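First comes the structure, then the notes that go with it.
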Amino acid sequence: DAIARRPELLKQRLLLKRREMEYVAARNFLLPRFDVLGRYRFRGLGRDLIGNQVGLPPDPADPQGAFALSSLANLANGDFQEWQLGGEITMPVGFRRGWAAVRNAQLHLARDKAVLEEQERQVMHDLSNAVGDMQRAYQLMETTYNRRLASQQNLEILQFRLQSSQPISAEQVLEG
């Protein structure tokens with residue numbers, strides 16, 4: 001019960017649980033990483049930013065005249081839209097960061113386990129000392145009570161002897 005309910009042990013157990021989760025998270029750094037990427041956007045492409053230029057000769061590079069409008073007009077029309085979808089795999093060479101994180105997590109976990117075991121051992125030691133002290137105190141109390149009863153009986157005997165005029169020494173009176 002003492003080991004299960006002591007607040008410092010509960011706190012240490014929670015810290016140990018946290019260290020175990022950190023260890024699992026650190027092991028994830030050793031796995032390759034796969035990311036799915038996606039992008040969708042509107043583009044505003046044109047010869048000028050604002051205002052259409054009317055009456056200019058057509059551009060030979062743009063025979064359809066798609067860029068004849070301003071950039072803002074093309075953005076509002078939505079003529080230039082694009083999307084992109086892809087995947088990316090990342091796998092570090094040597095996993096130095098991953099192995100360092102795993103080793104660090106292992107060391108923290110081992111240290112906190114040792115601290116928990118030491119705290120539990122200390123609680124058990126303190127508890128056994130308290131039980132031993134309680135037993136010694138009970139035996140001492142029992143002995144003292146029995147001595148008191150014996151002294152009380154001795155005093156009653158001395159009082160009876162005194163009333164019946166039997167000889168009593170001073171040592172007996174002092175002892176009683």
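Remember, it's a predicted structure, so these values are computed and weren't measured experimentally.
Crowding of Phe95 atom CZ: a count of heavy atoms from other residues, nucleotides or ligands under 6.0 Å exceeding 12. Crowding of Arg5 atom CZ: a count of heavy atoms from other residues, nucleotides or ligands under 6.0 Å not exceeding 12. Counting heavy atoms of neighbouring residues, nucleotides and ligands inside a 6.0 Å radius, atom CD of Gln166 exceeds 12 of them. Around the OH atom of Tyr145, the shell of radius 6.0 Å holds no more than 12 heavy atoms that belong to other residues, nucleotides or ligands. Within a 6.0 Å sphere centred on CZ of Arg111, heavy atoms belonging to other residues, nucleotides or ligands number more than 12. Residue-environment remark: CZ (Phe160) stays at or below the threshold of 12 foreign heavy atoms within 6.0 Å.
In plain terms, the two heavy atoms of Val102 and Ala26 that are nearest each other are CG2-O, 3.4 Å. Considering every non-hydrogen atom in both Val123 and Ala2, the closest pair reads CG1-CB, 4.0 Å. Closest of all the heavy-atom pairs between Met91 and Pro32 is SD-CB, 3.8 Å.
Contact annotation: the side chain of Leu15 approaches that of Gln12 to within less than 4.5 Å [non-hydrogen atoms, C-beta and beyond]. Residues Leu31 and Phe29 form no side-chain contact, since every pair of their non-hydrogen atoms from C-beta on lies 4.5 Å or further apart. At least one side-chain heavy atom of Trp99 sits under 4.5 Å from a side-chain heavy atom of Leu30. Here the side chains of Gln84 and Leu37 are not in contact, with every heavy-atom distance at 4.5 Å or above. Side-chain contact check for Glu82 versus Tyr40: every heavy-atom pair is 4.5 Å or farther apart. Residues Leu9 and Glu120 meet the side-chain proximity criterion, which asks for heavy atoms closer than 4.5 Å.
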Inset, instruction - Show your working on salt bridge (Lys or Arg N to Asp or Glu O under 4.0 Å) between Lys113 and Glu117 and close with a plain yes or no. - result: CA-CA 6 Å; Lys113 277 184 182 178; Glu117 288 172 3; over 6 Å; no

Inset, instruction - Before giving the answer on side-chain contact (heavy atoms from CB on, under 4.5 Å), spell out for Glu118 and Arg121 the whole-Å C-alpha distance, their side-chain angles and the decisive distance to 0.1 Å. - result: CA-CA 5 Å; Glu118 177 61 25; Arg121 189 193 63 76; 2.6 Å; yes

Inset, instruction - Mind running side-chain contact (heavy atoms from CB on, under 4.5 Å) on Arg136 and Asp133 for me, showing each step along the way? - result: CA-CA 5 Å; Arg136 278 190 293 280; Asp133 287 345; 2.3 Å; yes

Legend entry - Pair Glu88-Thr90, side-chain contact (heavy atoms from CB on, under 4.5 Å): steps then yes or no: CA-CA 6 Å; Glu88 180 179 323; Thr90 307; 3.7 Å; yes

Legend entry - Candidate pair Arg13 and Leu10, rule side-chain contact (heavy atoms from CB on, under 4.5 Å), full reasoning: CA-CA 5 Å; Arg13 280 191 198 98; Leu10 291 173; 3.9 Å; yes

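Taking hydrophobic clusters as Ile, Leu, Val, Met, Phe, Trp and Tyr residues chained together by side-chain heavy-atom distances below 4.5 Å, Met124 shares a cluster with Leu116. Connection of Leu16 to Leu107 is not established within any shared hydrophobic cluster, with ILVMFWY side chains joined at heavy-atom distances below 4.5 Å, either directly or through further cluster members.
Rounding to the nearest 0.5 Å gives a distance of 12.5 Å between CG of Asn154 and CZ of Arg147. Interatomic distance, CG of Asn146 versus CE of Met141, reported as 10.0 Å (0.5 Å rounding). Asp112 contributes atom CG, which lies 11.5 Å from atom CG of Leu14 (distance to the nearest 0.5 angstrom).
Between the side chains of His108 and Asn104, at least one donor N or O sits under 3.5 Å from an acceptor N or O. Using modelled atom types, one finds a donor on one side chain and an acceptor on the other under 3.5 Å when comparing Asp126 with Gln122.
A donor-acceptor pair is defined here as one N or O able to donate and one able to accept, closer than 3.5 Å; no such pair exists between the side chain of Gln81 and the backbone of Arg43.
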